[in-house]
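Have a look at the structure below, then the notes.
Residue numbers count from 1 along this sequence. Since the structure is predicted, the reported quantities are computational estimates derived from the model, not experimental observations.
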Amino acid sequence: MIFYLSLVKDDPFAALVFSLSIAVALVAGISFHEFSHAFTADTLGDRLPRSQGRVTLNPLAHLDPTGTILMVMVGIGWGKPVQFNPYATRNPKAAIGLVSAAGPLSNFIVAALFGLPIKLDMVPWISPFNTVRFSELANRGFSTNEYAGLFLTSIVLFSIILGVFNLLPIAPLDGFKVVLGFLPKDLAREFAKLEPYGIMILIAGFMLPFLSGGKFGLFAVMQPVISLLANLFAGVNGDVFL
C-alpha cells in the first residue's frame, strides 16, 4: 500500500483520501468482522464472547496490531480471534459453521453499503490497483467526484478481498470451519484431518505466484470471486483491478 501512496506524493489530498480509505476499510472491515463472529455466537447461546467484551463495535476490542500492520503493508491481515464455545449452543456443529461464516459475510455487507454510490453512478470506480490510471489522475489532479470514487472503491475492494480470503477453506481461516460446520459428520471428520497442514498450504499458496509467473496461487483462485462480488455490489464489469 505504501507503493500506491508514492504515486500521489505530489497530491497530498489524494494521499490523505487513500490513507483514510484504508483506515476505514480496516476499522469497519476487521471490527465488524470480529463483532459479527461474537454477536452470532452470543445469539446462538454462547456467552463467552460477551464475557470477554467482544460483542461490541469498538475497534479497540478487535484490532490486532500485527494483523493491522500487515493489512496496511500487503493488503491482507486479521483481527483478534473471537473465542467461541460451540458446546454452549443447541447445535454445536451448525454453530461452528454459522459463527465462522458471519465474519466474512459482514465484510460483504460493508462492501455493498460503500459500493452503492458507485453502482448508482454517483461516483466513478477508481481502483488504486490500476497504477497507470492512478498515476495519471494524480498528475493532472483528482476532481472531487474522483476523490470520492477512489475512497469508496478502495473500501469496497479491501472489504471484498478480506471477506473472500477468509472464506478460503484452509485452516486457520474462517472458511475451513464453515466447511466443517456444514459437511456431513463423516466427511467433516475426514476434512478436519487437513487442519494441521493449513499454514503450510497458505504459505504454498502465497509462494506459487512467484514460482509460476503469476499463473497459480491464492489470488488466482480469489480473483474471479472478487470480480463477481464487485460487479454485484458496485456494478463493475470486467477486471475490477483496472
**Request:** Flag the pair Asp42 and Arg50 as a salt bridge only when some basic side-chain nitrogen lies within less than 4.0 angstrom of an acidic carboxylate oxygen.
**Result:** yes
**Item:** Closest heavy-atom pair and its distance - Ala111, Val156
**Value:** O-CG2, 3.6 Å
**Asked** Is any side-chain heavy atom of Phe151 less than 4.5 Å from a side-chain heavy atom of Val123?
**Response** no
**Request:** Could you tell me which non-hydrogen atom of Val221 sits nearest to which non-hydrogen atom of Pro224, and how far apart they are?
**Result:** O-CD, 3.4 Å
**Request:** Mind telling me whether Tyr147 and Phe142 have parallel, tilted or perpendicular rings, with 30° and 60° as the class edges?
**Result:** parallel
**Item:** hydrophobic_cluster_shared for Phe129 and Ile126, side chain cutoff 4.5 Å
**Value:** yes
**Complete:** Here the pair of heavy atoms bringing Val110 nearest to Ala28 is CG2-O, 4.2 Å
**Request:** With the side chain counted from C-beta on, respond yes when Phe32 and Val27 share a heavy-atom pair under 4.5 Å apart, and no when they do not.
**Result:** no
**Asked** Does the side chain of Leu218 reach to within under 4.5 Å of the side chain of Leu202, using non-hydrogen atoms?
**Response** yes
**Message:** I need the minimum non-hydrogen distance between Pro128 and Thr153, along with the two atoms involved.
**Reply:** CD-CG2, 4.3 Å
**Message:** Taking the basic N atoms (NZ, or NE/NH1/NH2) and the acidic carboxylate oxygens, is any pair closer than 4.0 Å for Glu190 and Lys193?
**Reply:** yes
**Prompt:** Who pairs with Phe35 by ring pair (Phe, Tyr, Trp, His ring centres under 6.0 Å), at least two apart in sequence or on another chain?
**Reply:** Phe39
**Message:** Nearest 0.5 Å, please: how far is CD in Glu34 from CG in Leu57?
**Reply:** 12.0 Å
**Complete:** Sorted by chain and number, sequence neighbours left out, ring pair (Phe, Tyr, Trp, His ring centres under 6.0 Å) with Phe176 holds for Phe191
**Prompt:** Asn231 and Asn237: side chain to side chain donor-acceptor pair (under 3.5 Å), yes or no, with the steps?
**Reply:** CA-CA 6 Å; Asn231 181 282; Asn237 292 308; 2.5 Å; yes
**Request:** Output, in order, the C-alpha distance, side-chain angles, deciding distance and verdict of side-chain contact (heavy atoms from CB on, under 4.5 Å) for Ser127 and Leu157.
**Result:** CA-CA 8 Å; Ser127 170; Leu157 266 179; 3.7 Å; yes
**Request:** Answer yes or no: are there more than 12 heavy-atom neighbours, outside Arg90 itself, under 6.0 Å from its atom CZ?
**Result:** no
**Asked** Is the shortest heavy-atom distance from the side chain of Phe84 to the side chain of Leu48 under 4.5 Å?
**Response** no
**Request:** Report yes if the side chains of Glu146 and Arg140 come closer than 4.5 Å at any heavy-atom pair, otherwise no.
**Result:** yes
**Message:** For Gly97, is there any backbone N or O sitting under 3.5 Å from a side-chain donor or acceptor partner on Ser100?
**Reply:** no
**Check: Val132 and Asn130 side chains under 4.5 Å, non-hydrogen atoms** = yes
**Message:** Taking the side chain as everything from C-beta on, heavy atoms only, tell me whether Pro124 gets closer than 4.5 Å to Asn145.
**Reply:** yes
**Asked** What about Phe165 and Ile109, same hydrophobic cluster or not, with Ile/Leu/Val/Met/Phe/Trp/Tyr joined at side-chain heavy-atom distances under 4.5 Å?
**Response** yes
**Message:** Looking at every heavy atom in both Gly198 and Ile170, which two are closest together, and how far apart are they?
**Reply:** O-CG2, 3.5 Å
**Prompt:** If only atom types and distance count, is the side chain of Glu136 paired as donor or acceptor with the main-chain N or O of Arg133 below 3.5 Å?
**Reply:** no
**Message:** Going by side chain to side chain contact (heavy atoms under 4.5 Å, CB included), name the residues that satisfy it together with Ile199, two or more places apart in sequence or in a different chain.
**Reply:** Pro172, Ile203
**Item:** All ring pair (Phe, Tyr, Trp, His ring centres under 6.0 Å) counterparts of Phe219, not counting sequence neighbours
**Value:** Phe241
**Message:** Exactly one of Leu232, Leu162, Leu229 should register a side-chain contact (heavy atoms from CB on, under 4.5 Å) with Phe108. Which one does?
**Reply:** Leu229
**Prompt:** Of the non-hydrogen atoms in Ile30 and Gly79, which two are nearest, and what is the gap between them?
**Reply:** CG2-CA, 3.5 Å
**Request:** Using side chain to side chain donor-acceptor pair (under 3.5 Å) as the criterion, list what pairs up with His62, not counting sequence neighbours.
**Result:** Arg54
**Message:** Tell me whether Asp46 contacts the main-chain N or O of Asn85 through its side chain, where contact means a donor paired with an acceptor under 3.5 Å.
**Reply:** yes
**Prompt:** Taking only residues two or more places apart in sequence, or in another chain, which ones meet Ala188 in a side chain to side chain contact (heavy atoms under 4.5 Å, CB included)?
**Reply:** Lys93, Leu180, Leu183
**Message:** I need the single residue from Asp239, Val240, Val164 that forms a side-chain contact (heavy atoms from CB on, under 4.5 Å) with Gln223. Which is it?
**Reply:** Asp239
**Request:** State yes or no: do Val55 and Val82 share one hydrophobic cluster built from I, L, V, M, F, W and Y residues joined by side-chain heavy-atom distances below 4.5 Å, directly or via other members?
**Result:** no
**Message:** If you define the side chain from C-beta out and look only at heavy atoms, does anything of Met222 sit under 4.5 Å from Ile161?
**Reply:** yes
